[in-house]
Amino acid sequence: MSDTEKKSGWLARLRSGLQKSSSKLSDNITSVFTKQKLDQKTLDELEELLIAADLGPSTAARLVAEFGKNRFGRDIEGGEVKIALGEQIAAILRPCAVPLNINKDKKPFVVLVVGVNGTGKTTTIGKLAQHYAGQGLKVMMAAGDTFRAAAISQLKIWGERTGAEVIAGEQGGDAAALAYQALDKAQRSQCDLLLVDTAGRLHNKDDLMQELAKIIRVLKKMDASAPHATLLVLDAATGQNAHAQVEVFREIAQVTGLVVTKLDGSAKGGVVVALADCFQLPIHAIGVGEGAEDLQSFDAVEFARALIGFGQ
Ligand code: GDP
Ligand code: MG
């Protein structure tokens with residue numbers, strides 16, 4: 001497959017993945033703006049529909065205020081609204097569209113992956129392994145979610161798929177000890193990238209905090225600069241609840257970037273805009289499906305256009 005074909009395949013998946021979010025937003029904009037003068041009532045309606053699309057109240061208010069500035073009292077129709085909002089949304093997203101930069105001088109570059117259970121951590125690790133192994137990097141994965149047997153076997157399957165070595169212990173074993181063992185092995189075998197999976201039992205914040213702190217401490221003992229990236233994986237379907245997760249995990253681990261998964265099938269894609277606006281953390285990648293090719297780097301314009309329903 002050529003790069004152009006790959007790109008258009010991804011765009012199609014992104015658009016169809018975001019369709020539930022974009023059709024809601026797009027249809028609502030069309031029904032609010034039926035060729036009429038822009039007045040306060042229409043602006044209020046626009047604000048409400050942006051909130052309903054999970055862009056969050058403060059981002060929605062800001063978008064609408066900016067949008068209304070030079071247009072108040074003018075005739076306006078849906079198409080123009082979509083173009084203008086698409087540009088405003090892209091401007092919010094742009095500073096966050098930062099790819100994960102793997103420093104090849106680090107052997108290995110250590111990526112710690114954190115997040116609540118079920119958000120897509122293990123799957124994201126598998127997809128990242130596939131991506132970077134495909135670029136010729138020597139990749140290793142550490143099955144640091146020792147809590148669930150399924151997480152270990154799930155990672156082993158990605159290992160078989162990608163050719164990346166998986167370091168796994170017994171279920172119920174010590175996650176920090178496993179992280180130590182994995183980093184030791186990755187250093188000795190001159191790996192480029194070590195992806196460390198973790199458990200995400202949020203019902204007990206203290207336990208989680210202690211476990212992650214211990215993993216980080218152990219990694220730092222072997223390489224003071226590790227982990228070189230700490231990715232928080234968020235499930236788009238949780239909507240505004242994602243904000244609380246960012247706050248908790250920023251406190252527990254030094255989150256350096258986000259991955260937002262399950263944008264397919266969720267009508268809450270707008271949460272990505274709210275997250276970008278609120279936290280200004282890099283959004284390294286987004287997931288629109290379970291396959292390896294369904295995780296891609298985040299592009300502000302592409303995402304804004306897909307969210308607002310262009311090119312459907
Ligand atoms: P973890 O508990 O955070 O490690 O989550 P998992 O990686 O086990 O993922 C939980 C479920 O979500 C699995 O069934 C995955 O296949 C699925 N999943 C992960 N990412 C995506 C995505 O982007 N889209 C969809 N539709 N499913 C996903
Ligand atoms: Mg997992």
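Just follow the structure's listing: the first ligand is 1, and inside any ligand the first atom is 1.
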**Request:** Check for a donor-acceptor pair, side chain of T261 on one end and backbone N or O of T119 on the other, with a separation under 3.5 Å.
**Result:** yes
**Request:** Check K104, K138, K107, K106 against D192 for a salt bridge (charged side-chain N to carboxylate O under 4.0 Å, His left out) and give me the one that passes.
**Result:** K107
**Request:** Identify, with sequence neighbours excluded, every residue that meets ring pair (Phe, Tyr, Trp, His ring centres under 6.0 Å) alongside H243.
**Result:** F279
**Request:** Could you list who else is in I102's hydrophobic cluster, with ILVMFWY side chains joined at under 4.5 Å, directly or through other members?
**Result:** L100, F109, V111, V113, I125, L128, Y132, L137, V139, M141, L155, W158, V166, L193, L195, L231, V233, V259, L295
**Fill in**
Ordered by chain then number, the protein residues lying under 4.0 Å from ligand 1 by heavy atom are V116, N117, G118, T119, G120, K121, T122, T123, K127, R148, Q154, T261, K262, D264, G287, V288, G289, E290
**Message:** Other residues, nucleotides and ligands only: do more than 12 of their heavy atoms fall within 6.0 Å of NZ on K221?
**Reply:** no
**Asked** Is there a path from I152 to Y180 through hydrophobic residues (I, L, V, M, F, W, Y) whose side chains come within less than 4.5 Å of each other?
**Response** no
**Fill in**
The protein N, O or S atoms lying under 2.8 Å from the Mg ion (ligand 2) are T122 OG1
**Q254 atom CD: more than 12 heavy-atom contacts under 6.0 Å** = no
**Asked** When you check the side-chain N and O atoms of K82 and T30, is any donor under 3.5 Å from an acceptor?
**Response** yes
**Asked** Using a distance-only test with no angle check, is there a side-chain donor-acceptor pair under 3.5 angstrom linking Q40 and D44?
**Response** yes
